[in-house]
Structure formats: structure tokens, C-alpha cells
Chemist: 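I have a structure I would like to understand better, so I am pasting it below and will then ask my questions one at a time.
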Amino acid sequence: MTQKLAGHLLVECLIAQGVTHAFGVPGESYLAVLDGFHAHADRIRFVINRQEGGAAFMAEAQGKLTGRPGVCFVTRGPGATNASIGLHTAFQDSTPMVLFVGDVASDARDREAFQEVDYSVFFGPSTRGMAKRVERIDDARRIPEYVARAFATAMNGRPGPVVLVLPEDMLTQAVDAQPLPRVEAVQAWSDPGALRELRSLLLSAERPLVLAGGGGWTPQSAAALQRFAENWQLPVANTFRFQDTFDNHHPLYAGDMGLGINPALARRIRESDLLLAIGPRLGESTTGGYTLLEAPVPRQKLIHIHASAEELGRVYQPALAINATMNAAARSLEVLTAPTEVTWSAWTAACHADYETHVDVGNYGTVLPGPVDMAAIVHTLQKHLPADAVLTNGAGNFATWLHRFYRYPGLAKGHKTQLAPTNGAMGYGVPAGIAASVLTGRTVFTIAGDGDFLMNGQELATAVQHGARSIILLVDNGTYGTIRMHQEREYPARVSGSDLRNPDFCALARAYGYAAERVEETAAFEAALLRALQADCGTLIHLPLDAQVITTRGTLDDIRQQAQRQGR
């Protein structure tokens with residue numbers, strides 16, 4: 001059997017797993033792998049990034065879009081630590097991902113060699129770490145075994161990231177091993193007895209509510225969820241930054257749970273007598289700081305369905321816990337015999353009416369300072385973006401406008417359309433949008449704040465090099481808006497550490513190769529968006545915003561006055 005470099009074998013193993021793109025920053029610690037990418041350039045593309053954090057975010061977005069592990073390569077030490085932000089995002093967002101780290105040679109290990117890090121300590125694994133598994137490949141002949149296990153671990157149970165460490169000298173060994181077959185995720189089916197109990201709990205409910213989200217959803221499972229909700233006429237709320245799990249246009253949709261939740265939906269959750277959580281881990285942001293559902297035993301009866309048994313009962317003690325993957329759970333639920341008539345039809349209609357009132361731009365009562373109406377801006381996006389457009393954002397107050405007023409079509413329509421970090425990572429939106437453009441070729445729209453953009457704006461160079469054409473709306477209020485909001489609540493009128501002095505964003509974008517224009521009022525945005533949609537390159541639209549405009553709930557003055565009334 002013909003021998004090959006271990007680095008080439010590793011690339012062949014990725015190809016066998018169906019990987020078409022890998023993201024990363026090159027390093028001398030894995031030159032043999034880079035040579036493998038060169039040898040197989042007709043089957044797999046190595047996307048060269050400008051910083052490892054951007055590369056890891058792109059791989060995380062790849063995992064969200066495809067449902068299979070996103071792949072990232074970085075070098076040892078600084079490269080790996082830079083990539084940790086994307087790994088943490090994948091962990092908290094339950095996204096399958098594999099991070100490959102080139103490492104020091106075996107004969108230099110444990111001497112604090114150049115850029116050496118103990119990755120098993122740095123990355124975990126643990127229930128509060130950054131990876132499901134961290135392993136080092138010392139024997140090149142076992143590369144196929146480690147790669148297959150990494151993909152299986154990343155996809156099975158609660159999806160998440162895996163780290164594989166690659167000693168430099170191991171990658172240059174000559175081996176005759178062959179890749180293992182493509183790994184598929186294992187489906188864990190709902191227990192029939194538990195399904196009977198679930199049906200009984202539903203039949204006895206008066207105000208049921210479905211909470212859908214988390215990782216592991218496919219268009220097929222989302223469609224099955226929709227049929228289940230329709231059969232039982234159940235209102236459905238999507239959890240934090242999984243707003244595309246259920247169609248936002250559907251008459252059963254009740255809104256999204258998360259930062260800036262519709263107060264009416266928050267009341268509905270508290271008033272509900274049965275919550276059916278399908279997929280989410282019910283984290284802090286989804287539950288309003290663990291207040292919408294009280295821990296450890298909620299006032300509402302809770303049915304919790306999750307792909308990982310370790311998540312069931314971890315924070316909340318449910319009335320019924322079901323360990324099942326989303327595909328299996330949704331397919332079980334859609335054939336659950338529904339009654340000929342339900343008693344909660346008025347409740348379901350009221351939940352949806354609350355959402356319609358909240359999302360209606362005409363019902364937004366606050367008069368914002370300045371010439372830009374962010375609600376109208378998002379309405380314009382809804383009017384012109386294709387139904388299959390991918391929308392991405394990082395973390396910041398700017399994202400609340402998109403979350404409140406944009407209606408995602410739902411994964412059941414065939415495409416994932418929202419890429420956003422539940423762990424609140426700034427700098428995510430730009431690289432995620434670039435990855436989505438490279439991987440799908442669909443229209444990609446990114447909304448970013450000024451502070452958020454500058455954390456990974458260098459990846460515009462990656463976009464231009466690899467033909468990505470994302471549209472970026474840069475909302476610039478000259479401050480770290482979320483921090484300023486909290487600052488005004490806790491220390492009114494005492495600004496410290498949150499004001500920003502920014503560059504000429506249009507000149508910066510043009511220097512990278514993006515088209516760019518500045519829009520200063522609402523009326524000018526529509527034409528700028530249409531030009532961006534027709535452009536043959538990526539476009540940045542710079543939108544200066546009055547610093548007083550902070551949230552969809554009000555202005556800095558509103559927040560300051562509220563804080564002063566509370567005696568702060």
C-alpha cells in the first residue's frame with residue numbers, strides 16, 4: 001500500500017467526512033496539513049483567515065449552517081488561544097465543530113517549549129468548559145480513528161466542539177492508513193411511555209406553550225415540529241437567537257425569548273400551566289435570568305426534551321424529561337394523536353396576537369432622536385431581502401432591532417437563516433456572514449455595531465480574497481451601547497470606559513475591497529440596500545446613529561430617568 005504524509009491523510013479523512021471547506025490561519029506547526037490541502041485542492045478548500053478568532057467564528061457558522069462539524073485549523077499557543085472565542089461560542093450554542101491545533105514536536109513537549117500550552121487544561125473538557133473532548137494524536141496511524149471519533153462526538157448528544165491536537169513531528173510521518181467512512185449522528189428516540197405521559201399532560205393543560213430552539217435541528221425536524229404544533233394548535237416561542245426554528249409568519253408563532261423579550265410574551269410564559277421545551281438547554285438569556293422559569297422547580301409544569309441526558313434536570317427539575325434528538329423527537333410528536341378539539345384555542349390566538357402587536361412597526365411608540373428610525377430600517381430589510389437570505393449579527397444593542405422586528409421564515413422552509421451567538425460574543429457577525437457567503441452563495445446580511453465590527457473587521461480581507469459578498473449594515477453610535485445602557489442604569493450620567501472614537505468606516509471598507517456608502521437618514525437606506533443587493537462585491541453601509549438611541553425600549557434619557565426614580 002502506498003504511503004503518504006500523515007498531514008495528507010488528515011486532509012483525506014476530512015474529505016471522507018464530507019468537508020468541503022476548512023477555515024484557519026496557517027502555522028509552521030501544521031505545514032504537512034497545508035501541503036495536504038494543496039494536494040487535494042480540487043476537493044477541499046482552505047479558507048485563509050486574518051485572525052484565529054475570525055476563523056473559529058467562521059467554522060462555528062459552518063456548523064450551524066450544515067449541521068455537521070465546522071472545521072478550523074490554527075497553530076499552537078497564541079493561535080489556539082485566539083481561537084478559543086469561537087470554541088466557547090460553539091459550546092454554549094450547541095454547535096458541532098472540530099478545532100485542529102498544530103502543536104510542538106513530541107520531543108519538546110512538557111518543557112514550556114515555544115508557544116506550548118496544555119490544551120486539555122485550557123479547553124476543558126467539562127460541563128462549563130469550551131470543548132466536549134480534547135485529544136492529542138501521537139500515532140499517525142490512528143488519525144482516521146481520532147477524526148471519526150471527533151466528528152461523532154461533535155454531532156452526537158448535545159452538539160458541540162472537539163479539539164484535536166497535532167504534534168508537528170507526527171504530521172510528517174509516512175503512513176499507509178486509510179480514512180474511515182463518513183460518520184452520521186445517532187438518533188435517540190423518545191420513550192413510548194414518556195410520549196404517552198406527554199400526551200396526558202397536554203390534554204390536562206389549559207395554557208400550554210412550546211419553547212423551541214437549541215442545536216441539532218434540520219429542515220425535516222423543523223417541518224415535523226410545525227405539523228405537531230398545527231395538529232395540537234399549540235403556540236410556539238423560539239428561544240434566544242434560535243428565531244429561525246419555527247416560522248415567524250405562522251399563525252401559531254408567539255415570539256422569541258431572550259434579551260428584550262416582549263413583555264406580553266414574558267407574561268404568557270409566567271401564566272402558562274405547561275411548558276414543552278423542545279431542544280433548548282434553558283439558559284440564562286432564554287429564561288430572563290432564571291426568572292421566567294424559577295429554578296430548581298418551575299411553577300409551570302415543565303416537559304423538557306433534549307438530546308443530552310446530562311442537560312435534563314441540570315438546572316430545572318421537569319415534570320417529564322425525555323432524552324431524544326430533535327429529528328427523532330419531532331417525528332415522534334407529529335404522529336402523537338391529537339384530540340378533535342382543544343380547549344386552549346383562545347389562548348393560542350392571544351399569544352400570536354401579542355406577537356403581531358409587538359412586531360408591528362406602527363405600534364412602536366417611542367420617538368427616537370435623530371434622523372434614523374431603526375424599526376423602519378428593519379422593515380425595509382424584510383421588504384427586499386430574499387426569503388432564503390442569511391442574517392448574521394454579533395453582540396450589542398444594535399441586534400435587538402433585528403431580533404424584534406425581523407420575521408425569520410423558519411428552518412422548515414429548507415434553509416437556516418439566522419446566525420447569532422447565544423454566548424453574547426462580540427465580533428461574530430462579520431466572519432459568520434463571510435462564511436455563509438462562501439459556503440452557500442446566498443444573499444447574506446450582517447448587522448454590526450461600531451465596537452462589534454472592529455473586533456473582526458479585518459476579515460473583509462478574507463471575504464475579498466475568497467469571493468464572499470456579504471452586505472454589512474454598520475450601526476455606529478460611538479459607544480459600547482450595551483455597556484452604556486447598563487452603566488446608565490447602575491451609575492446614571494457617570495460615563496466611563498464606553499465611549500469610542502472611530503475611523504472612517506467607508507474608507508476602511510473600500511481599502512479592503514468592499515463597496516461602501518454612508519447613509520444618514522431613514523429615507524436614504526432603501527436605495528443603498530438595493531444597490532448593495534445588485535453589487536458584484538460585498539458592501540458596507542455606514543449608518544451613524546444618535547448615541548441616545550440604545551434599545552427598542554427607549555433612549556439613554558429613558559434609562560437614566562428610570563434609574564434615578566429607583567434611587568440609583
Side-chain angles (χ1 to χ4, degrees), residues 7-8 10-11 14 19-41 44-63 69-90 95 97-105 113-117 119 122-123 130-131 134 137 150 161-168 170-172 394 421 425-439 453-468 470 512-513:
H8 286 222
L10 179 58
V11 173
L14 295 178
V19 178
T20 59
H21 294 74
F23 301 89
V25 176
E28 67 273 21
S29 58
Y30 67 95
L31 291 177
V33 177
L34 293 173
D35 193 66
F37 283 124
H38 182 274
H40 297 288
I44 189 169
R45 182 176 172 188
F46 182 64
V47 178
I48 307 163
N49 289 88
R50 299 309 177 96
Q51 206 264 4
E52 292 87 358
F57 278 147
M58 289 193 190
E60 196 278 344
Q62 180 184 27
V71 174
C72 182
F73 279 84
V74 297
T75 195
R76 59 197 175 222
T81 53
N82 278 345
S84 64
I85 188 171
L87 208 69
H88 183 260
T89 303
T95 304
M97 176 178 167
V98 180
L99 175 67
F100 292 91
V101 180
D103 197 22
V104 301
F114 180 60
Q115 299 181 332
E116 185 178 10
V117 168
Y119 301 104
F122 183 75
F123 288 125
M130 285 187 278
V134 180
I137 308 177
V162 173
V163 178
L164 287 182
V165 181
L166 312 171
E168 183 178 359
M170 181 276 295
L171 291 173
T172 60
M426 292 182 69
Y428 177 87
V430 170
I434 294 166
S437 181
V438 169
L439 292 166
F453 174 82
L454 283 176
M455 289 196 175
N456 269 313
Q458 78 285 339
E459 297 304 336
L460 293 191
T462 302
V464 173
Q465 181 171 350
H466 294 277
S470 61
Y512 281 118

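Remember, predicted model here, so these are calculated numbers, not experimental data.
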Chemist: Quick check for you: to the nearest 0.5 Å, what is the distance between Ile137 atom CD1 and Asp103 atom CG?
Modeler: 11.5 Å
Chemist: Would you say the side chain of Thr20 lies within less than 4.5 Å of the side chain of Arg45, judging by non-hydrogen atoms?
Modeler: no
Chemist: For residues 21-34, which residue pairs qualify under salt bridge (charged side-chain N to carboxylate O under 4.0 Å, His left out), counting only residues two or more places apart or in two chains?
Modeler: Glu28-Arg76
Chemist: Distance check, rounded to the nearest 0.5 Å: Met97 atom CE versus Phe57 atom CZ?
Modeler: 9.5 Å
Chemist: Can you tell me how far CG of Asn456 sits from CG of Asn49, rounded to the nearest 0.5 angstrom?
Modeler: 9.0 Å
Chemist: Looking at every heavy atom in both Ala425 and Pro421, which two are closest together, and how far apart are they?
Modeler: O-CG, 3.6 Å
Chemist: Do you know the tightest heavy-atom contact between Ala22 and Phe37?
Modeler: CB-CZ, 3.8 Å
Chemist: I want to check something: taking the side chain as every heavy atom from C-beta on, are Met130 and Ser84 in contact at a cut-off of under 4.5 Å?
Modeler: yes
Chemist: Is it true that Tyr428 and Glu60 share a donor-acceptor pair across their side chains at a distance under 3.5 Å?
Modeler: yes
Chemist: For the residue pair Val104 and Ala113, what are the closest heavy atoms and their distance?
Modeler: CG1-CB, 4.0 Å
Chemist: Measure the shortest side-chain to side-chain distance between Tyr119 and Thr81 over non-hydrogen atoms and say whether it is less than 4.5 angstrom.
Modeler: no
Chemist: Measuring from Leu31:CG to Thr172:OG1, what's the distance to the nearest 0.5 Å?
Modeler: 10.0 Å
Chemist: Using a 4.5 Å cut-off on heavy atoms from C-beta on, say whether the side chain of Val101 contacts that of Leu164.
Modeler: no
Chemist: For a quick test of reading the model, state the closest non-hydrogen atom pair linking Ala83 to Ala56 and the distance between them.
Modeler: O-CB, 3.4 Å
Chemist: Do Phe100 and Val163 make a side-chain contact, defined as non-hydrogen atoms from C-beta onward lying under 4.5 Å apart?
Modeler: no
Chemist: Just checking, any donor-acceptor pair under 3.5 angstrom between side chains of Ser437 and Ser470?
Modeler: no
Chemist: To the nearest 0.5 angstrom, please state how far the CD atom of Gln458 sits from the OH atom of Tyr512.
Modeler: 6.0 Å
Chemist: Enter the distance from Leu87:CG to Glu52:CD here, rounded to the nearest 0.5 Å.
Modeler: 13.5 Å
Chemist: Could you tell me if the side chain of Thr89 sits less than 4.5 Å from the side chain of Thr95, heavy atoms only?
Modeler: no
Chemist: Assess, by modelled atom type and distance only, whether the side chains of Thr462 and Gln465 contain a donor and an acceptor separated by less than 3.5 Å.
Modeler: no
Chemist: For residues His21 and Val438, report the shortest heavy-atom separation together with the two atoms involved.
Modeler: CD2-CG1, 3.7 Å
Chemist: Keeping the roles fixed (side chain from Gln62, backbone from Val71), state whether a donor-acceptor pair exists under 3.5 Å.
Modeler: yes
Chemist: Minimum heavy-atom separation for Ser29 to Thr75, with atom names?
Modeler: OG-OG1, 2.6 Å
Chemist: Ile48 versus Pro26: any side-chain heavy-atom pair under 4.5 Å?
Modeler: yes
Chemist: Run the ring-centre check on Phe73 versus Tyr30 and record whether the distance is less than 6.0 Å.
Modeler: yes
Chemist: Taking the side chain as every heavy atom from C-beta outward, state whether Ile44 and Val11 have any pair of such atoms under 4.5 Å apart.
Modeler: yes
